[in-house]
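Scroll down for the structure; my scribbles are underneath it.
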Amino acid sequence: MNIFVGGLPFKVDESELREIFEKYGELTSVKLIIDKQSGRSKGFGFVEMADDEAGQQAISALDGTELYGRTIGVRVSEDKKPDKRY
DNA sequence: GGTGAGCGA
């Protein structure tokens with residue numbers, strides 16, 4: 001399941017994001033959005049978990065919690081691509 | 001820099 005993660009401190013990277021969510025289940029994908037203008041984190045990212053129930057638990061456990069002094073927001077992500085058929 | 005939505009195989 002795809003998960004949106006916002007409110008991240010600009011100091012975290014994909015490796016840290018992965019470690020955080022891996023505590024609740026196996027991850028299949030981790031994407032931390034990097035601003036190409038500055039090369040730094042945009043403060044949010046996406047995490048895909050192998051198990052849907054584990055993803056729900058991760059959202060419930062991590063949403064509203066603090067990370068490096070910042071309160072993060074974790075939500076379910078619908079899709080990253082509109083459509084790829086034609 | 002802040003409540004945010006990814007762009008590559």
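Labels below follow one simple rule: chain letters A, B, ... track the order of the sequence lines, proteins then strands, and each chain is numbered from 1. In this text the structure is predicted, and so the values were computed from the model without any measurement.
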Q. Hey, which of these two, A:K31 or A:T71, hits DNA chain B nearer its 5' end, going by closest nucleotide?
A. A:T71
Q. Tell me: CD of A:E48 to P of B:dG8, nearest whole Å?
A. 17 Å
**Q.** Gap between atoms CD1 and C1', on A:I33 and B:dG2 respectively (whole Å)
**A.** 15 Å
Q) Does the side chain of A:V76 come within less than 4.5 Å of A:N2's, by heavy atoms? A) no
Q. Would a 4.5 Å heavy-atom cut-off, applied to side chains only, mark A:T71 and A:T65 as touching?
A. no
Q) Whole-Å distance between B:dT3 P and A:F10 CZ? A) 10 Å
Q: Determine the contact category for A:L32: base if any of its heavy atoms lies under 4.0 Å from a base atom, sugar-phosphate if only primed atoms, P, OP1 or OP2 are that close, otherwise nothing.
A: nothing
Q.
Rounding to an integer number of Å, can you tell me how far A:E66 CD sits from B:dG2 P?
A. 19 Å
Q | Residue closer to the 5' end of DNA chain B, A:P9 versus A:I3 (nearest nucleotide) | A | A:P9
Q. Less than 5.5 Å between centroids and less than 30° between ring planes, does A:F4 satisfy that with B:dA5?
A. yes
Q: Evaluate whether the aromatic ring of A:F46 and the six-membered ring of the B:dG6 base sit under 5.5 Å apart, centre to centre, with an inclination under 30°.
A: yes
Q | Between B:dG2 (P) and A:R40 (CZ): distance, integer Å | A | 17 Å
Q. A:R70 CZ to B:dG2 C1': how many Å, rounded?
A. 8 Å
Q | Spacing of A:M49 atom CE and A:I3 atom CD1 [to the nearest 0.5 Å] | A | 5.5 Å
Q: Please report, rounded to the nearest Å, how far the C1' atom of B:dG1 is from the CD1 atom of A:I34.
A: 13 Å
Q | Heavy-atom side-chain proximity of A:F21 to A:V5 below 4.5 angstrom | A | yes
Q: Answer with base, sugar-phosphate or nothing: what part of the nucleic acid does A:V30 contact at a heavy-atom distance below 4.0 Å?
A: nothing
Q. Mind checking whether A:D63 and A:I72 have side chains closer than 4.5 Å, heavy atoms only?
A. no
Q.
Checking understanding here: a glycosidic angle within 90° of 0 is syn, the rest anti, so what is B:dG4?
A. syn
**Q.** Atom pair distance, as rounded to whole Å: NZ in A:K36 and P in B:dG8
**A.** 10 Å
Q. Closest to the A:R75 side chain: B:dG2, B:dT3, B:dG6?
A. B:dT3
